[in-house]
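These notes are about the structure you will find just below.
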Number of protein chains: 2
Amino acid sequence: MPAMTAPAPRKAPRPRADALRNRERIVTAAREMFVEHGPDVPLDEIARRAGVGNATVYRNFPDRDALVREVVCSVMDRTVEAAELALAETGDAFAALERFVHAAADERISALCPMVSSTFDQNHPDLVASRESVERLVEEIMGRAKAAGQLRPDVGVGDLLIVVSQLSRPPAGTDCMRGDRFVHRHLQLFLDGLRAPARSVLPGEAVDIRELLDS
Amino acid sequence: MPAMTAPAPRKAPRPRADALRNRERIVTAAREMFVEHGPDVPLDEIARRAGVGNATVYRNFPDRDALVREVVCSVMDRTVEAAELALAETGDAFAALERFVHAAADERISALCPMVSSTFDQNHPDLVASRESVERLVEEIMGRAKAAGQLRPDVGVGDLLIVVSQLSRPPAGTDCMRGDRFVHRHLQLFLDGLRAPARSVLPGEAVDIRELLDS
DNA sequence: AATAACCGGGGACGGTCTCCCCGTTTAGCC
DNA sequence: GGCTAAACGGGGAGACCGTCCCCGGTTATT
């Protein structure tokens with residue numbers, strides 16, 4: 001590839017403005033559709049929701065997995081932002097935890113469920129990077145809360161992420177998002193159960209994030 | 001019911017023994033498949049899991065909805081049994097609540113998620129009967145626990161059923177039931193959050209069971 | 001205003017689920 | 001222990017749906 005006069009970093013001649021805007025709209029629509037209807041929704045439906053033609057989807061993403069991966073990474077990045085914000089905005093560790101949990105639910109963290117799906121490359125570079133960022137930040141928040149004696153010590157990062165993900169999912173094969181009214185109630189109940197001192201002994205072991213990946 | 005020499009209640013000439021056994025196996029297999037793979041699993045897969053031919057499924061149930069309805073009613077009846085057992089075996093109301101929650105998870109109560117699905121008759125007689133039984137019994141347990149000052153008063157039957165259902169679902173499009181290791185941990189955390197005195201104020205209103213039915 | 005990339009709808013291909021049909025097996029009864 | 005009829009299981013036709021490509025029209029860039 002010979003050097004060119006244009007400031008193209010690679011063989012990218014320049015993407016058009018609305019092209020990137022459409023790509024972003026597709027990712028957003030796909031995130032919501034994955035959350036509401038599972039990882040097998042027709043791509044045409046995603047296109048319709050995004051307000052673009054189906055061809056635009058297939059042009060931006062070579063196959064379904066590419067779109068899923070983009071969505072998962074996007075959700076993880078948003079989650080990391082939420083965690084950083086929660087850490088920065090308050091000195092109270094448990095309050096930060098609460099802020100993070102509610103924010104993660106709003107960011108549709110449950111969309112990363114398909115990442116444990118069958119045909120999905122768990123070891124894609126972008127994926128492991130985002131995953132480690134999430135793990136590190138959540139571990140930071142939970143560690144501070146435990147050190148402050150506000151969070152019971154027998155819970156792990158995996159426990160938190162699983163429960164938030166499960167509780168923020170739409171109840172079933174439903175196409176309405178009316179669950180949002182209840183989600184924060186139930187998250188708050190869960191958070192109350194996380195507080196120290198512990199009101200019961202938990203069965204099993206604290207769940208690490210790595211246990212969620214292997215089958 | 002006119003007295004006859006044979007115990008045939010109506011124009012049923014007599015169902016064969018293995019026929020009913022197979023029917024039961026189909027319902028059991030369907031329950032697990034609905035929980036693990038959603039309400040759209042191929043009926044042939046259910047037949048394979050039940051160890052019967054696909055024709056046997058279509059012979060016992062005229063259409064998919066009939067099978068779904070049977071599964072949902074079966075799960076509700078099992079849940080009612082679990083609730084009655086929990087009430088009978090202990091005098092402590094909150095302990096009964098805990099027993100019931102864990103039992104309901106083991107009974108795969110999350111299989112009744114498809115009852116809120118799109119094409120599904122919410123008003124079938126068998127359905128409303130089972131539903132009212134569940135509601136009455138859970139209300140009884142929760143009422144006692146509230147009266148004893150063990151359960152925070154700002155939660156409803158719907159809150160409990162939703163959370164138990166959500167937390168006991170397999171995480172995503174996964175075909176393994178390894179989630180069972182975590183489920184009871186997370187249910188216990190939720191139960192700790194239910195205890196009185198409340199550790200926080202909840203957003204929204206207590207969820208009634210009827211709010212889960214209409215779209 | 002010119003140009004080239006991008007967009008959007010329509011349609012063919014391929015796969016999958018549903019459902020029926022028929023030869024065989026098995027339970028129930030004499 | 002043999003008979004009868006109900007039930008069973010496998011295979012296949014029909015139909016539906018998701019995926020992907022192609023082409024005329026549109027819009028951003030110089």
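Because the structure is predicted, anything quoted here is derived from the model rather than measured. Chain identifiers are assigned alphabetically (A, B, ...) following the order of the sequence lines, protein sequences preceding nucleic acid strands; residue numbering begins at 1 within each chain.
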query = With a 3.5 Å cut-off and no angle check, do the side chains of B:Ser200 and A:Asp192 form a donor-acceptor pair?
reply = yes
ask   = Are any of the side-chain nitrogens in B:Glu36 or B:Arg108 under 4.0 Å away from the carboxylate oxygens of its partner?
value = no
ask   = Residues in side chain to side chain donor-acceptor pair (under 3.5 Å) with A:Arg64, at least two apart?
value = none
request  = Rounded off to whole Å, could you give me the CZ-to-C1' distance for the A:Arg23 and C:dC6 pair?
outcome  = 15 Å
query = For A:Arg185, what residues pass the salt bridge (Lys or Arg N to Asp or Glu O under 4.0 Å) criterion, not counting sequence neighbours?
reply = B:Asp159
task = Please determine if a side-chain N or O atom of B:Asn22 lies less than 4.0 Å away from the OP1 or OP2 oxygen of D:dC8.
result = yes
inquiry  = Please evaluate residues B:Val75 and B:Glu107 with respect to the criterion side-chain contact (heavy atoms from CB on, under 4.5 Å), reporting the C-alpha separation (whole Å), side-chain torsions for both, the decisive distance (0.1 Å), and the verdict.
reply    = CA-CA 7 Å; B:Val75 169; B:Glu107 296 293 349; 5.7 Å; no
note = Protein heavy-atom contacts under 4.0 Å, written 5' to 3' over nucleotides 17-23 of chain C as B (base), S (sugar-phosphate only) or - (none), form the string SBB-B--
remark   = Here the distance between atom P of C:dG8 and atom CZ of A:Arg25, to the nearest Å, is 8 Å
Under 3.5 Å, which protein N or O atoms sit close to an N or O of nucleotides 27-30 of chain C? Give each pair with its distance.
from: C:dG28; atom 1: OP1; to: B:Ala17; atom 2: N; distance (Å): 3.1
from: C:dC29; atom 1: OP1; to: B:Arg14; atom 2: NH1; distance (Å): 2.7
from: C:dC29; atom 1: OP1; to: B:Arg14; atom 2: NH2; distance (Å): 2.4

inquiry  = Holding to side chain to side chain donor-acceptor pair (under 3.5 Å), I want the full list of residues that pass it with A:Glu132, two or more places apart in sequence or in another chain.
reply    = none
task = Rounded to the nearest 0.5 Å, what's the gap from CD on B:Glu140 to CD on B:Glu135? Could you check?
result = 13.0 Å
request  = Test side-chain contact (heavy atoms from CB on, under 4.5 Å) on B:Leu97 and B:Leu160 and set out the steps.
outcome  = CA-CA 10 Å; B:Leu97 184 65; B:Leu160 187 81; 4.0 Å; yes
Distance in angstrom units between A:Asn60 CG and C:dG8 P, rounded = 11 Å
Would you list the atom pairs, donor with acceptor, under 3.5 Å between side chains in residues 82-90 of chain A and any protein atom, with sequence neighbours excluded?
from: A:Glu89; atom 1: OE1; to: A:Arg99; atom 2: NH2; distance (Å): 2.7
from: A:Thr90; atom 1: OG1; to: A:Asp92; atom 2: N; distance (Å): 3.1

Nucleotides 13-15 of chain C: which of its N/O atoms have a protein N/O under 3.5 Å away?
none

remark   = Hits for side chain to side chain donor-acceptor pair (under 3.5 Å) against B:Glu139, two or more places apart or cross-chain, chain-then-number order -> none
Between C:dA5 (P) and A:Leu20 (CG): distance, integer Å = 16 Å
note = note: A:Phe61, atom CZ; C:dC6, atom C1'; distance rounded to Å ~ 15 Å
task = Could you pull out all residues at least two apart from B:Ser130 that satisfy side chain to side chain donor-acceptor pair (under 3.5 Å)?
result = B:Asp77
For A:His102, ring pair (Phe, Tyr, Trp, His ring centres under 6.0 Å) partners two or more places apart = A:His184
task = State which residues pass salt bridge (Lys or Arg N to Asp or Glu O under 4.0 Å) with A:Asp154; sequence neighbours excluded, sorted by chain then number.
result = A:Arg152
remark   = So the stems of DNA chain C, runs of at least three Watson-Crick or G-U pairs (under 3.5 Å), are C:1-30 with D:1-30
